[in-house]
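Just so you know, these numbers use all the heavy atoms, side chains as well, and skip hydrogens, waters and symmetry mates. Ligands are counted one by one from 1 in listed order, and the atoms in each one are counted from 1 as well. Here the structure is a predicted model, which means the values were calculated and not measured.
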Amino acid sequence: MLKTDILIIGSGISGLFFAMKTAKKRPDLSIVIMTKETAKNTNTRLAQGGIAVVTNLFKDSFEQHIKDTLQAGDGHCDETIVKMVIEQAPERLKELIEIGASFDKDEDGQWNLGLEGGHSQNRILHHKDSSGLEIEEKLLKIIKKMPNIEIWENHQVIDLNTETKKGKTTCTGAFYYDKKHNKIKYIRTRTTLLCTGGCGQLFENTTNPKIATGDGIAMAARAGVEIEDMQYIQFHPTALSAGKDNPLFLISEAVRGFGAYIVNEDQKRFLFKYDLRGELATRDIISEAISNEIKYQSKKHVYLDCRHLDQKAFYAHFPVITAHCNSLGIKPERDLIPIVPAAHYQCGGIKVDPNGKTSIENLYAIGECARTGLHGKNRLASNSLLEALVFAHQASEDVNKTIAKFTFSTKLLIPKFPKAHQSNDYYAFDILKKELQTLLTTFYTSSERDAELAFAKIKMLNNSAISLIETHEITIPFIEFSNMLATALLIIKQCKTKEKQTC
Ligand code: SIN
């Protein structure tokens, strides 16, 4: 019988940080990290900006960071959570530094703190423009040496298994597809964590990698877990609009913090019409302004103008962005950079308490898939890596205290899935995925009439997919498409009952 004390689904910053902390505290517990591709293929890895932490108490304060977060969240944040996360930030940062994660300093040895939209102070610690990669690599390096952690790559979780006794539901394990051996298997667990990231791939334009298909949300919803605020999808204002890349390459918010302008086809700045902070307004405001300008000028994009900036300093801070632009023949010192808003972050998700616990006793959700109450309607830039660290810590403390209550279930399982199939149906599902992306983007970003039409078409897509879902063999494209469809329907449902984000 396959079993592990703790199963972590996903290998981004939240899962890895939780694993590291828990494994150190509890060498007696076995931990498996399951990931559907390679451990390195995560959204964390693409994070450019950095981590927002109050480090300079002369210029900055927790109160100011709290105020900025609440303002960005537009009245929809949970203030207790905001306070908890921001006040814990320095301790979590210290732990990252202890494992060797490095953040840029000035010549005088002080943190080189970046500025991003919605922040009233420079408070973003960064590793050039590849902060996520730096953290992910340091975490993976240390985790690979820990004897009680195993990383299972190419293992796609299909569904959670739950048992309900005396009105209490617990998660007793997970069914998964072992890609290498082309088999569906089951693993028993005492505690399970969903660290599956977001759902940017549900939209036509996104900065999220192909793996961001809403798997954790769909699985949690099928298990009966409460999902909240899925109507708040954050669009990043500055994704590079060149070619047909999926995902679109992100041009970090930090570039605007560094002084870049956003200009229209006439090379005119236009953001002050929308917000006095101009380029440093929050993402929701800038994305909406850009979308309006694009419509108004009947163009495909607007531009980021970096030509007036100190180019040596720009290159030192943004080597990855500069190299990527150069590879497309765009020279930031000479050319305008075409940009569009793109789906970037899911502010809502699996509803959790301050310890990352879901409505199921021994099931946790941390990282982007969770709705903690930190972000409200619109996440403040560079608060997401921070949230992942803080909630990984909270969950680790809680699991340490509570895991003794949970034993492995011995209930006999009746396999509920058809057999696995080494798929060659990528092409068919790619077409369905593209159709869903187009329809959901229309639903999310268009006028009421077009949105209703798109919704009607998604319902038709769902109806035809239901029979497919019931009879299809288990393949990776099939699992991902089913999860995408389920997550899209949740977004639509929550948009219809609550106010959606605008962009
Ligand atoms: C960015 O660098 O603009 C992305 C950082 C974030 O999503 O907070």
Is there a polar contact, in the sense of an N or O pair closer than 3.5 Å, between Gln48 and ligand 1? no
**Asked** So is Leu250 close enough to ligand 1, meaning a heavy atom under 4.0 angstrom away?
**Response** yes
Of all protein heavy atoms, the one nearest atom 2 (O) of ligand 1 is Ser252 OG, 2.7 Å
(Q) Is there a polar contact, in the sense of an N or O pair closer than 3.5 Å, between Ser384 and ligand 1? (A) no
- Message: Looking at Glu134 and Lys138, is there a salt bridge between them, counting it only when a charged N and a carboxylate O are closer than 4.0 Å?
- Response: yes
Residue, atom and distance of the protein heavy atom nearest atom 4 (C) of ligand 1 read Arg283 NH2, 3.6 Å
message: Just to check, does Ala47 reach to within less than 4.0 Å of ligand 1 when the distance is taken from its heavy atoms?
response: no
- prompt: Is Glu480 salt-bridged to Lys433, going by a charged N under 4.0 Å from an acidic O?
  reply: yes
task = Salt-bridge test for Arg269 and Glu279: reply yes if a basic N is under 4.0 Å from a carboxylate O, no otherwise.
result = yes
| query | Taking both backbone and side-chain atoms of Arg379, is any N or O found less than 3.5 Å from an N or O belonging to ligand 1? | reply | yes
**Message:** Using a 3.5 Å distance criterion without hydrogens, assess whether the side chain of Gln494 forms a donor-acceptor pair with backbone atoms of Ile227.
**Reply:** yes
Under 3.5 Å, is there a donor-acceptor pair between the side chain of Thr44 and the main chain of Glu136?
no
In terms of the angle between their ring planes, are His317 and His126 parallel, tilted or perpendicular, with boundaries placed at 30° and 60°? parallel
(Q) Counting only nitrogen or oxygen atoms and a 3.5 angstrom limit, does Gly49 reach ligand 1? (A) yes
